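Labels below follow one simple rule: chain letters A, B, ... track the order of the sequence lines, proteins then strands, and each chain is numbered from 1. The shown structure was predicted, so the numbers you read here are calculated from the model rather than taken from an experiment.
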Amino acid sequence: MLQRSITDWFSAHARELPWRSPNRTPWGVLVSEIMLQQTPVVRVLPRWQEWLDRWPTPAALAAEPAGEAVRAWGRLGYPRRALRLHAAASKIVADYDGVVPGTVEELKSLPGIGDYTAAAVAAFAFGRKATVVDTNIRRVEARLFSGTALPAPSLSAAEMALAEAVLPEAVSDSVDWNAAVMELGALICTARSPQCQECPVRTECAWIAAGEPEPNYQPKGQPWAGTDRQLRGAVMAVLRAAEAPTPWEVFFRPAVQLDQAELSLPLKHLHALESEPSRLENILEGLLKDGLAERSEAGLALPR
DNA sequence: GAGACGTGGAG
DNA sequence: TCTCCAAGTCT
């Protein structure tokens, strides 16, 4: 049967990832899920290991300033995730005696944890039955059951219903199913060039049966060069590298400051903004508002 | 609900 | 080089 084909494939081909190891902890799983949001496994691996070595429990992380979490986040991207993970650790200490809660509802109450992550932690860390729906599972189910090349840009109620309908009844089977379908999407049923000849359910795939039709929408581009996002990243790179508050002149007259090779690129981006000081002000304002930075007499720094 | 939010590898 | 996209969440 379909379910068995996929879970057998998983048994044979699953990657050995540290957050799947038998000695994993709920905290380790939670950290991995946050890091993996919109971020490839290969980039998460080293950061995850460092993070767990340094902060093996929520209490350990909560005991340090949020800025340390942001710094340790390094170049994983979306640094607000680091901030939220720190806040989640604090809430786990305050409300759950330092123990990661195990129900979807409790998990969703933590900052940075939405529908996907709550379900994933409940399933993979606690062995509970939960409908896990990530981009991999959406894509596999779109092809396998709906016969479309890609799921729509945003998650629909129909997709959720489908995911619930195909979730195996038994708790243990449901956990295996979630992990297996996700892995199938990550390794075989990929977005760009799926390896259908290696797929355990290629003979039952509605998309293949339909002749592998093209996607019926235009993927939205993600502009980057010259955007505020890029500049926020550049500012954060400077703050992460700094031991002390960074004077304002560094941002508004970057050409004259900081010559660390590591920062040459971020500073080059900032330098391009010298003609638009108001725009840079807005960007710094945004970082302050998001809590990713704090200001003092001396300048700008990561939050304490 | 559309848009904002980082980063770097692959095709 | 340039576009796509990777285990989403929040406003």
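- B:dA2 and C:dA7 have their C1' atoms separated by 23 Å, given to the nearest Å.
- Contacts classified as side chain to side chain donor-acceptor pair (under 3.5 Å) and involving residues 294-304 of chain A (residues at least two apart or in different chains) are not found.
- Of the residues listed (A:Thr25, A:Val31, A:Val44), the one engaging A:Trp19 in a side-chain contact (heavy atoms from CB on, under 4.5 Å) is A:Val44, and it is the only one.
- Apart from A:Val171 itself, the hydrophobic cluster it occupies contains nothing, where clustering links Ile, Leu, Val, Met, Phe, Trp and Tyr at side-chain heavy-atom distances under 4.5 Å.
- Both A:Leu17 and A:Met35 belong to a single network of hydrophobic side chains, linked directly or stepwise wherever heavy atoms of I, L, V, M, F, W or Y lie under 4.5 Å apart.
- Nucleotides of DNA chain C that come within less than 4.0 Å of any heavy atom of chain A span, from the 5' end to the 3' end, C:dC4 to C:dC10.
- Looking at heavy-atom distances under 4.0 Å, A:Trp19 makes contact with a base.
- A:Pro18 has its side chain within reach of A:Leu45: a pair of non-hydrogen atoms, C-beta onward, lies under 4.5 Å apart.
- Among residues two or more places apart in sequence or in another chain, the side-chain contact (heavy atoms from CB on, under 4.5 Å) test is passed with A:Phe10 by A:Ala14, A:Arg20, A:Ala179, A:Ala180, A:Glu183.
- Annotation: side chain to side chain donor-acceptor pair (under 3.5 Å) contacts involving residues 84-105 of chain A, sequence neighbours excluded, comprise A:Thr103-A:Glu106.
- Between C:dC4 and B:dG6, the distance separating the two C1' atoms is 15 Å to the nearest Å.
- Residue contacts shown for A:Arg47 are absent, as no nucleic acid heavy atom lies under 4.0 Å away.
- The stretch residues 126-154 of chain A participates, sequence neighbours left out, in these salt bridge (Lys or Arg N to Asp or Glu O under 4.0 Å) pairs: A:Lys129-A:Glu169, A:Arg138-A:Glu159.
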Extract from the structure each pairing of a protein N or O with an N or O of nucleotides 8-11 of chain B at less than 3.5 Å, listing the distance.
| from | atom 1 | to | atom 2 | distance (Å) |
| --- | --- | --- | --- | --- |
| B:dG8 | OP1 | A:Arg75 | NE | 2.4 |
| B:dG8 | OP2 | A:Arg75 | NH2 | 3.1 |

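- Taken to the nearest 0.5 Å, the CG atom of A:Leu110 stands 8.5 Å off from the CD1 atom of A:Ile34.
- Smallest separation of non-hydrogen atoms from A:Leu85 and A:Leu61: O-CD2, 3.9 Å.
- Put simply, CD on A:Gln230 is 13 Å from P on B:dC5, counting in whole angstrom units.
- Listed by residue number, A:Glu33, A:Leu36, A:Gln37 are the residues of residues 20-37 of chain A with a heavy-atom contact under 4.0 Å to DNA chain C.
- If you chain together ILVMFWY residues whose side-chain heavy atoms come under 4.5 Å of each other, A:Leu155 ends up grouped with A:Val133, A:Met160.
- Looking only at atom types and distance, the side chain of A:Arg81 has a donor-acceptor partner in the side chain of A:Thr39 under 3.5 Å away.
- Residues A:Leu107 and A:Val100 are in side-chain contact: their nearest non-hydrogen atoms beyond the backbone lie under 4.5 Å apart.
- Side-chain contact check for A:Asn136 versus A:Leu184: every heavy-atom pair is 4.5 Å or farther apart.
- A:Tyr116 is not listed as a side-chain neighbour of A:Thr135, based on a closest heavy-atom distance of 4.5 Å or more.
- A heavy-atom distance below 4.0 Å to DNA chain C is reached by these residues of residues 107-120 of chain A, ordered by number: A:Pro111, A:Gly112, A:Ile113, A:Gly114, A:Asp115, A:Tyr116, A:Thr117.
- Within 4.0 Å of A:Thr135, counting heavy atoms only, lie sugar-phosphate atoms of the nucleic acid but no base atom.
- Remark: side-chain polar atoms of A:Glu33 are not paired, donor with acceptor, to backbone N or O of A:Val29 under 3.5 angstrom.
- Map A:Leu76 and A:Ser154 each onto its nearest nucleotide of DNA chain B; the residue landing nearer the 5' end is A:Ser154.
- Between A:Trp55 and A:Trp51, the ring planes lie perpendicular to each other; the angle is over 60°, past the 30° to 60° tilted range.
- Rounded to an integer number of Å, the gap from CZ of A:Arg232 to P of B:dA4 is 12 Å.
- Within the 4.0 angstrom heavy-atom criterion, only backbone atoms of the sugar-phosphate kind lie near A:Arg240; the bases stay farther away.
- Protein atom CH2 of A:Trp73 is 18 Å distant from nucleotide atom P of B:dC5, rounded to whole Å.
- Of the residues in residues 155-190 of chain A, not one comes within less than 4.0 Å of DNA chain B through any heavy atom.
- Using a 4.0 Å heavy-atom distance criterion, A:Arg80 is classed as a sugar-phosphate-only contact.
- For DNA chain B, if you chain together Watson-Crick or G-U pairs that step i with j, i+1 with j-1 and so on, the runs of at least three with distances under 3.5 Å are B:2-5 with C:8-11, B:7-11 with C:2-6.
- With contacts defined as side-chain heavy-atom distances shorter than 4.5 Å, the pair A:Asp8/A:Pro200 does not qualify.
- Comparing the P positions of B:dG9 and C:dT9 gives an interatomic distance of 25 Å, to the nearest angstrom.
- A:Arg24 contributes no side-chain N or O that, together with a main-chain N or O of A:Ala125, makes up a donor-acceptor pair within less than 3.5 Å.
- Look at the C1' atom in both B:dG1 and C:dC10: the space between them is 12 Å, to the nearest Å.
- In this entry the distance linking NZ of A:Lys289 with P of B:dA4 reads 14 Å, nearest Å.
- Whole-Å rounding puts the A:Asp290 CG to B:dA4 C1' distance at 10 Å.
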